[in-house]
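To keep things clear, I will list the structure first and then write my remarks on it.
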Protein chains: 2
Amino acid sequence: MATMQDVARRAQVSVSTVSYVLTGARPISQATRDKVLAAMAELDYQPNALARGLASRRSRILGLLLPMDERGIGATETAFVTGATSAAVAAGYHLVLSPIGVGDLDELRRLASQRILDGALLMEVQLHDPRVDVLREAGVPTVLIGRTEDPSGLSYVDIDFDRTVRAAVDHLVGLGHRRIVYVNHSADTIAEGYGPALRTRDSFTAAMTEHGLTPLMIPAEDSAASGRAALASALRQEPDLTAVLAMNESAVFGLLGELSTRGLTVPDDVSVVSMVTSPQVAELATPALTAMTSPGSALGRIAVQTLLRHVESGDGEIHQELLPCVLEVRGSSGPPRTPAASTTDPEAADERSSPGTEAARRRAATRRRA
Amino acid sequence: MATMQDVARRAQVSVSTVSYVLTGARPISQATRDKVLAAMAELDYQPNALARGLASRRSRILGLLLPMDERGIGATETAFVTGATSAAVAAGYHLVLSPIGVGDLDELRRLASQRILDGALLMEVQLHDPRVDVLREAGVPTVLIGRTEDPSGLSYVDIDFDRTVRAAVDHLVGLGHRRIVYVNHSADTIAEGYGPALRTRDSFTAAMTEHGLTPLMIPAEDSAASGRAALASALRQEPDLTAVLAMNESAVFGLLGELSTRGLTVPDDVSVVSMVTSPQVAELATPALTAMTSPGSALGRIAVQTLLRHVESGDGEIHQELLPCVLEVRGSSGPPRTPAASTTDPEAADERSSPGTEAARRRAATRRRA
DNA sequence: CCGCTTAGTCGAAGCGCTTCGACAACGCCG
DNA sequence: CGGCGTTGTCGAAGCGCTTCGACTAAGCGG
């Protein structure tokens, strides 16, 4: 493995000159630069990142702290990661993921205090996230993906849950739905301070109230079984419901199963809209789910650029940005059968639907199997 | 940030003594050790990983090279990652994930030649994986998760696809199925050299043949739509099929949707077994999928231990190990309705099933909605 | 033509740690 | 009791790089 010494010798210049060619910290004449670059190429020289980091006090490594629960990493997070990675690489940094959640504070402390990371991106941020304090104590510049309860003084990027929920509600209300139930994460998750669950709950309540409708929220664990239970509970509390808005990807599938078990069709009897769901997952369902798609890749890019600004300018000004999810209408949402009669004959319901719509087409397809 | 100098001064010993306390490279008396440890605690000393790495030529960082396609990381991979992480941390190493696929060879080369990693774990290994060569050239010890076509001279851990497929086939044959179709990944994926797709294909053919049955394999893209198409194609080629074995998680859901659309029930009309599928995903389906659960966490642990043996012993002997997935019977598999008549009256089919089995119970539950 | 800035290069001093050789002090053996 | 292997500690020499001060050679306005 060639060192800078070798390059310098071969190019007949001093080590510092080679360094300046690499870093651009001082001007180097074109002739010298060419000699040095040629020597590097011939020796297949690669700078030793550790030595460089030690001398410059900058590792050029960014950490993405990404809790991994047993469910894995969804397409949304993946988009975020790829967006962040390409932004980091473009800036000459490495982006490494570390599966560190709020439970692994010791490992985080090690990572942060050992000066391995120039900066950190925090995913799955909780309202009171101890990781933020650990990083601050260690003096590691940080950008949050999500928000703590009081994010003042912290840079973050996050989904604009308020606009997202409102867009979803508007979509359903626009289709004619009045009885809409919101399936959220579990009560425990909410109590534990999971921001998205809280924020969407509040926005849902506000949006429904503004439309003059009564908000009904049902919590559900992140499991299919719990989704089934949630639907049962929803139908008990609101037998006339015509639409479900869900924040809980795992529960949605159970919910769809339960609808089918009860002989209710989607979207004829009940429309289903899933929040913050990737196209790939939405397409798994039959019919495919109308969903709010998250701007994952853009969030990742913005987060890295913000972080680098902090890293390179020794803590620049804070930057806070919210991006909404965009509505993608698929087969699971359509006009309600009739405002009050959810048990009407299917043929009758068909009469009042515009025959050319996607929803109508799907409904017809679904009926074929009856 | 305190340095080793500070600790040495405070403990009234030399820097090297402090170092020996930390590394244990030479014996230190208990009294001295205590003084040093006390000083470290008082100063909240954390060694600088970069300096340590530079001096010792060992970064104590292991890389997990994990391609991220748009679908994200499944529960299987997650289990692997957590298993690997805890093994690494237990050994005093950091384990960082890097989303590097076969397309990011340049980034991999940077990472490998810059001496940041002591070793690498390679996931989603292809039969001819260029990453292996890059790592070998850079002299980075590597353990594969999966296998290249000719893995001689390389350490790896992998799923024992042969035993896994045979277990799945045995399960179905044991239930009485004779017409079993295998839904694999796409022809492109196979052509591209995706090991699991090839190996399971071959094992399926062998297992079926040994049972005196005719193997039928249908390729499918990793999407629900393609799963639907695959089922349609399967029914065209083998109208009497009673069971589907699937290697393709995304396609399974489309396949289930298509079964339902055609009025075929699971497992009454068709049994479905999914390969290398996590319990979490299996539970998303209705009924929950009988599946082969991968030994993810154990694979991760073994991989790291193998890698560390290479790292610490300057390339020890190679280690190759295969672990099978274990069968978990859920609601999607049961005895076939009748060997030849797939359109028989459901009540008649019930006559010949053992009434106490889980499968029978589920079938009864399913029929309730008719 | 003089002093001044600017471009271009070099040497040396670290960055914070590991590791090697040296050495003192201590039993322990015959 | 003299030589010898252990044990415990120290000082110094790096690891491969960045960066600072210094120096030379132009370039330039007055």
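Side chains included, hydrogens not; waters and symmetry mates left out as well; all remaining heavy atoms used. Each chain gets a letter, A, B and so on, in the order the sequences are listed, and its residues count up from 1.
Between A/Thr17 and C/dC10 there is a side-chain N or O to OP1 or OP2 distance below 4.0 Å.
The shortest side-chain heavy-atom distance between B/Leu50 and A/Arg57 does not fall under the 4.5 Å cut-off. A/Val18 is listed as a side-chain neighbour of A/Val13, based on a closest heavy-atom distance under 4.5 Å.
With no hydrogens or angles considered, no side-chain donor-acceptor pair links A/Thr148 and A/Asp129 at under 3.5 Å. With 3.5 Å as the limit, one finds a donor-acceptor pair spanning the side chains of B/Arg58 and B/Tyr93. Side-chain atoms of A/His319 and A/Glu321 form a donor-acceptor pair, as typed in the model, at a separation below 3.5 Å.
Of all nucleotides in DNA chain D having an atom under 4.0 Å from a heavy atom of chain A, the first and last in 5' to 3' order are D/dG16 to D/dA22.
In terms of position on DNA chain D, the residue among A/Arg52 and B/Ser16 whose nearest nucleotide sits closer to the 5' end is B/Ser16.
Spacing between atom OH of A/Tyr20 and atom C1' of C/dT6 amounts to 16 Å, rounded to whole angstrom units.
At the heavy-atom level, A/Val13 lies under 4.0 Å from the strands shown only through sugar-phosphate atoms. Using a 4.0 Å heavy-atom distance criterion, B/Thr3 is classed as a sugar-phosphate-only contact. Using a 4.0 Å heavy-atom cutoff across all strands shown, B/Ser19 reaches at least one base atom of the nucleic acid.
Looking at residues 24-35 of chain B, you'll see B/Arg26, B/Pro27, B/Ile28, B/Ser29, B/Thr32 sit with a heavy atom under 4.0 Å from some atom of DNA chain D.
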